[in-house]
Amino acid sequence: MKFANVFAAALMASAASLALAGGAMAQAKEEVQVLHWWTSGGEAKALATLKDKMQAEGVTWTDVPVAGGGGEGAMTVLRSRVTAGDPPTASQMLGFDIQDWAEQGVLANLNDIAAKGNWDATIPQAIQKFSKYQDQWVAAPVNIHSTNWIWVNKAMFDELGLSEPKDWDELVAALDKIKASGKTALAHGGQPWQDATIFDSVVMTTGGPEFYQKALIDLDPEALGSDTMKTVFERMAKLRTYVDDNFSGRDWNLASAMVINGEAGMQIMGDWAKGEFLNAGKEPGKDFLCYRFPGTQGTVTFNTDQFAMFKVGDNAQDAQTKLAAAIEEPAFQVAFNKIKGSAPTRTDVDTSSLDACGQKAVADVKEAAEKGTLLGSLAHGHAARAAVKNAMYDVVTAAFNGEYTPDQATTELVTAVAGAQ
Ligand code: GAL
């Protein structure tokens, strides 16, 4: 090859590499800052599917993790950032909190992305209620979690000859048998949001979906102060007798680990717990069992994680658009939710690759949606606004720690809810 040709080739090559570099440099400017509380093993593994997807699309991911299951800490950090005029591109958020932020006028309009992604036709109305504000999409829902599950150590159940408890009495009998064997019957973390997660299920199994709706969603004072609610608090007190001495303050994923390693028989927790079992290399049906909280089969107390998108400058909008679009991509929906333990939020995705517990989650959500028993989790911000939710947290946790008798707790609940509205 003549010198001139060689030089030209070299020039072309360097021009091409400069263009690429320039392109990469331009692409590298695309960045998303994402605030979330997914810091446990399973949660982080699931979130990594989104981080990887963004980075593959040339978007730099700046992680803003705030530990603390249930998200109380994350929401505190979010409030300080927005107040300082420095909102993240997106923040993990639940239910009514999205509506609260939308009312502040600080969330972006995602309608164009939603139209391109056919969100209106594929995301259940029960979820759209939280994702939209005044007909604008302001958040991208990523999953459908639910709280009315128990997670069981299969070897222990087999050893004790236990089968799936189908109602409250059978649950108590199973817990008694595990306790009598010397193991911790109920793995639990004594934190308000975890106590409230149990409360979701005890309300549902005690009063059924109509009572759950009236008491926790309609906030009907008669239901909140009823004999049925007193029975709920009596049952919460009964469950308190099955936890170990070190339960107070324990993080939820460490309680999951107690069931995973055979120290405890079961945990009452949302299906993000499954993410911990999978992350520990455990298999559903072989190492652990997923049962609906006894007496709640046919109902689902759901909570959907969403990424609320904050208004950002023009130079950050492309990256934010890519993030929102990625969250609703069918392939991502399956990849993420397989690891997270939740059902996909889109109803048009192929869920055949989900494991048995994932398939059950999808089927239960579909059945509950058809029966009108797909009800928002109080514990995770889908039944009442934050002020009411936190007021209930206080009463439920105080009662769980023996500061109120069931009678006093019932009266306190009515007062606390009225005071928070
Ligand atoms: C819930 C959230 C789940 C999981 C859980 C424990 O509020 O929806 O995705 O993060 O907290 O941290």
Side-chain angles (χ1 to χ4, degrees), residues 146-190 194-209 211-212 215-216 226-248 250 252 255-256 258-259 262-271 273 288-301 364 377-379 395-410 413:
S146 52
T147 58
N148 58 317
W149 292 98
I150 59 173
W151 303 92
V152 163
N153 178 291
K154 185 177 184 301
M156 197 182 296
F157 257 48
D158 291 348
E159 192 187 310
L160 297 174
L162 293 172
S163 56
E164 178 180 0
K166 298 285 190 176
D167 58 28
W168 173 260
D169 292 339
E170 289 184 10
L171 173 63
V172 168
L175 289 166
D176 282 341
K177 204 157 185 186
I178 299 167
K179 188 174 179 180
S181 76
K183 296 282 187 177
T184 296
L186 179 61
H188 182 60
Q194 293 190 61
D195 300 339
T197 298
I198 294 181
F199 183 70
D200 276 359
S201 286
V202 178
V203 169
M204 186 64 84
T205 197
T206 306
F211 177 75
Y212 185 101
L216 303 190
S226 64
D227 287 345
T228 304
M229 189 57 81
K230 185 180 166 200
T231 304
V232 168
F233 281 111
E234 285 164 350
R235 290 178 167 185
M236 291 293 289
K238 180 67 175 170
L239 289 176
R240 174 67 175 73
T241 66
Y242 294 114
V243 301
D244 64 296
D245 294 342
N246 304 317
F247 84 101
S248 183
R250 180 184 286 130
W252 68 273
S256 306
M258 291 168 70
V259 182
E263 202 183 322
M266 67 175 85
Q267 181 184 20
I268 302 166
M269 186 47 72
D271 39 16
F288 68 96
L289 303 162
C290 50
Y291 296 137
R292 282 293 173 195
F293 188 93
T296 70
Q297 182 62 52
T299 72
V300 169
T301 45
D364 288 353
S377 158
L378 179 278
V395 176
V396 167
T397 281
F400 197 71
N401 293 323
E403 291 163 36
Y404 293 136
T405 64
D407 227 4
Q408 289 165 338
T410 306
L413 191 66

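Computed from a predicted model, the values in this text were never measured in an experiment.
- Closest non-hydrogen pair, G265 versus M156, comes out as CA-SD, 3.4 Å.
- Across all non-hydrogen atoms, the minimal contact from A255 to G189 is CB-N, 4.2 Å.
- Within the 4.5 Å cutoff, no side-chain heavy atoms of V203 are placed close to those of L378.
- In this structure, the side chains of W149 and R292 come closer than 4.5 Å at one or more pairs of heavy atoms.
- Counting heavy atoms from C-beta outward, K179 and T241 have side chains that approach closer than 4.5 Å.
- Remark: the backbone N or O of A399 is not paired with any side-chain donor or acceptor of E403 at under 3.5 angstrom.
- Side-chain N/O atoms of S201 and N148 include no donor and acceptor closer than 3.5 Å.
- We find the CG-OG distance between L160 and S181 to be 5.0 Å, quoted to the nearest 0.5 Å.
- Using a 4.5 Å heavy-atom threshold, the side chains of F247 and Y242 count as separate.
- In this structure the side chain of F233 never reaches within 4.5 angstrom of the side chain of D407, judged on heavy atoms.
- In this structure, the ring of F157 has its center no less than 6.0 angstrom from the ring center of F288.
- Taking OG of S163 as the start and OH of Y291 as the end, the distance is 7.0 Å to the nearest 0.5 Å.
- Using modelled atom types and a 3.5 Å distance limit, the side chains of R235 and T205 yield no donor-acceptor pair.
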Criterion side chain to side chain contact (heavy atoms under 4.5 Å, CB included) on D200 and Y212, from CA distance to verdict: CA-CA 8 Å; D200 276 359; Y212 185 101; 3.6 Å; yes
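- Using a 3.5 Å distance cut-off with no hydrogens or angles, the side chains of S256 and Q267 do pair a donor with an acceptor.
- Between A409 and Y404 the shortest heavy-atom distance is N-CB, 3.8 Å.
- Atom CD in E159 sits 10.5 Å away from atom CD1 in I178 (nearest 0.5 Å).
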Using the side chain to side chain contact (heavy atoms under 4.5 Å, CB included) rule, take L186 and M266 through it: C-alpha gap first, then chi angles, then the decisive distance, then the call. CA-CA 5 Å; L186 179 61; M266 67 175 85; 4.2 Å; yes
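- Side-chain polar atoms of H188 and D244 form no donor-acceptor pair below 3.5 angstrom.
- The shortest side-chain heavy-atom distance between I150 and P294 falls under the 4.5 Å cut-off.
- One side chain, D364 or Q297, offers a donor N or O that lies under 3.5 Å from an acceptor on the other.
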Derivation and outcome, side chain to side chain contact (heavy atoms under 4.5 Å, CB included), residues V202 and F293: CA-CA 8 Å; V202 178; F293 188 93; 4.2 Å; yes
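- In this structure, M258 and R250 have side chains that are in contact, with non-hydrogen atoms separated by less than 4.5 Å.
- In this structure, CG in L162 is found 12.0 Å from NZ in K154, a value given to the nearest 0.5 Å.
- Between T147 and T301, the side chains place a donor N or O and an acceptor N or O closer than 3.5 Å (distance only, hydrogens not considered).
- K183 places a side-chain N or O within donor-acceptor distance of the main-chain N or O of G262, the cut-off being under 3.5 Å.
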List the steps and the verdict of side chain to side chain contact (heavy atoms under 4.5 Å, CB included) for I268 and Q194. CA-CA 9 Å; I268 302 166; Q194 293 190 61; over 6 Å; no
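- The shortest distance between side-chain heavy atoms of L413 and M229 falls below 4.5 Å.
- Atom CE of residue M204 and atom OG1 of residue T296 lie 7.0 Å apart, to the nearest 0.5 angstrom.
- For C290 against W151, the heavy-atom pair with the smallest separation is CB-CZ3, 3.3 Å.
- We find the NZ-CG distance between K238 and L171 to be 10.5 Å, quoted to the nearest 0.5 Å.
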